[in-house]
Amino acid sequence: KNHHKIVKKASETKITPNLLHLNESLIIHEYLKNTPINRKNFLKSNILSLFKKTLENFHAIKIEKTLSLYAQIINYQSVLKNKGLFKQVIDNAENIKKYINKYKQNYLCHGDLHFENIIHHKRKIYFIDLDYVCVSAKGYDIAMLVYQEKISKKGIKEISKKLQINHYEILHYIPICYLLDYLWQEIQIEFKYIKKNNVEEKLIKNFLKNIS
């Protein structure tokens with residue numbers, strides 16, 4: 001129900017394409033012709049300006065009882081239990097929470113921003129696929145984008161300046177992004193969708209060690 005509220009609100013405020021149908025198993029949005037975005041054209045000022053406007057509108061949405069970023073991580077326990085590396089994650093839960101909470105956790109975040117979830121249509125940017133929304137810091141949303149699209153440090157600085165989001169805040173959340181990526185892939189392995197996790201365990205172990 002909470003997720004449906006977010007989807008409806010995002011559609012009403014033109015953050016997503018117009019919502020045509022919504023039920024427990026299916027969400028259908030209006031089809032919009034997309035001008036593909038890549039690392040090169042995303043960093044152009046006009047695209048970034050359009051992106052900034054949509055992102056600010058998304059971050060401004062107020063929906064009660066939305067899952068926090070920390071809770072999103074811990075909730076993987078329902079499937080992964082305390083097996084293998086996930087036990088180390090649970091053992092470091094309080095340290096992870098403290099790390100996440102370095103910046104204020106009071107914005108609705110998309111949680112899975114990458115170019116395939118961003119539509120550029122007639123001088124407007126829309127977001128799609130709101131399956132990983134959570135409450136966190138603005139920097140987390142951008143960290144997930146630069147992590148998934150492998151944007152360079154120079155590019156991160158350009159984005160930070162244009163969006164007026166602290167450069168260090170963005171960098172702070174990148175380890176959280178590869179932790180989430182690792183856990184997501186572990187779920188895919190559990191359900192036999194993939195065979196191997198592409199995120200090195202060493203990265204996760206070093207992160208957990210550094211925050212302990």
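Worth saying up front: this structure is predicted, and the values here are computed from it rather than measured.
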Does the distance from a Lys or Arg side-chain N to an Asp or Glu carboxylate O, for Lys83 and Glu190, drop under 4.0 Å?
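Yes.
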
For the [atom1] atom of [X] and the [atom2] atom of [Y], what is their distance to the nearest 0.5 Å?
X	Y	atom1	atom2	answer
Leu55	Lys138	CG	NZ	8.0 Å
Asn57	Leu108	CG	CG	12.0 Å
Cys177	Gln148	SG	CD	7.5 Å
His120	Thr54	NE2	OG1	10.0 Å
Ile204	Phe207	CD1	CZ	8.0 Å
Ser152	Ile159	OG	CD1	8.5 Å

Verify the cluster assignment for Ile61 and Ile128: are they in a single hydrophobic cluster under the rule of side-chain heavy atoms below 4.5 Å apart?
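No, it is not one cluster - the side chains of Ile61 and Ile128 are not joined through contacts under 4.5 Å.
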
Same hydrophobic cluster for Ile187 and Leu179, using side-chain heavy-atom links shorter than 4.5 Å among ILVMFWY?
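Yes, it is one cluster - the side chains of Ile187 and Leu179 are joined through contacts under 4.5 Å.
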
4.5 Å side-chain heavy-atom contact, [X] and [Y]:
X	Y	result
Tyr70	Asn101	no
Tyr140	Leu113	no
Cys109	Leu69	no
Lys124	Ile119	no
His21	Ile27	no
His114	Met144	no
Ile118	Asn34	no
Ile63	Val133	no

Please lay out, stage by stage, how Glu24 and His4 fare under the test side-chain contact (heavy atoms from CB on, under 4.5 Å).
CA-CA 9 Å; Glu24 293 300 322; His4 282 188; 3.7 Å; yes

Any side-chain donor-acceptor pair under 3.5 Å between [X] and [Y]?
X	Y	answer
Gln185	Lys196	no
Ser160	Asn166	no
His110	Asp112	no
Tyr132	Trp184	yes
Asn197	Tyr182	no

Identified ring-ring contact (aromatic ring centres under 6.0 Å, His included) partner of Phe51 from the options Phe127, Phe58, Tyr126
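Single pass found, and it is Phe127.
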
Can you list the steps and then say if Tyr76 with Phe86 is a ring pair (Phe, Tyr, Trp, His ring centres under 6.0 Å)?
CA-CA 9 Å; Tyr76 277 97; Phe86 193 73; 7.2 Å; no

For the pair Leu67 and Val135, evaluate side-chain contact (heavy atoms from CB on, under 4.5 Å) and give the outcome as yes or no after the intermediate values.
CA-CA 6 Å; Leu67 202 67; Val135 171; over 6 Å; no

Is there a side-chain hydrogen bond (donor to acceptor under 3.5 Å, both in side chains) between Asp141 and Ser136? Walk through the geometry before answering.
CA-CA 8 Å; Asp141 251 349; Ser136 189; over 6 Å; no

Side-chain ([X]) to main-chain ([Y]) donor-acceptor, under 3.5 angstrom:
X	Y	value
Lys192	Ile189	no
Arg39	Ile151	no
Asn95	Asn92	no
Glu30	Leu19	no
Glu149	Phe115	yes

According to the interplanar angle, ranging from 0 to 90°, do the rings of Tyr103 and Tyr173 count as parallel (below 30°), tilted (30 to 60°) or perpendicular (above 60°)?
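Tyr103 and Tyr173: tilted rings.
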
More than 12 heavy atoms of other residues, nucleotides or ligands under 6.0 Å from [atom1] of [X]: yes or no?
X	atom1	result
Lys52	NZ	yes
Gln188	CD	yes
Glu201	CD	yes
Tyr107	OH	no

I need the minimum non-hydrogen distance between [X] and [Y], along with the two atoms involved.
X	Y	answer
Ser78	Lys81	O-NZ, 3.0 Å
Tyr178	Leu203	CE1-O, 3.7 Å
Leu26	Asn23	N-OD1, 2.7 Å
Ile47	Asn41	CG1-O, 3.2 Å
Pro17	His29	O-ND1, 2.9 Å
Thr13	Ala10	OG1-O, 3.3 Å

Decide yes or no on side-chain contact (heavy atoms from CB on, under 4.5 Å) for Ile74 and Ile90, but give the supporting numbers first.
CA-CA 7 Å; Ile74 299 305; Ile90 294 300; 4.2 Å; yes

Determine, step by step, whether Lys122 and Thr35 satisfy the side-chain contact (heavy atoms from CB on, under 4.5 Å) criterion, reporting the C-alpha distance in whole Å, the side-chain angles of both residues, the deciding distance to 0.1 Å, and the verdict.
CA-CA 9 Å; Lys122 292 185 177 180; Thr35 303; over 6 Å; no

Lys33 to Tyr31 six-membered ring, cation-pi geometry met (6.0 Å, 45°)
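No, Lys33 does not sit over the ring of Tyr31.
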
Applying the side chain to side chain contact (heavy atoms under 4.5 Å, CB included) test to Thr16, which of Leu130, Leu32, Ile6 qualifies?
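That would be Leu130.
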
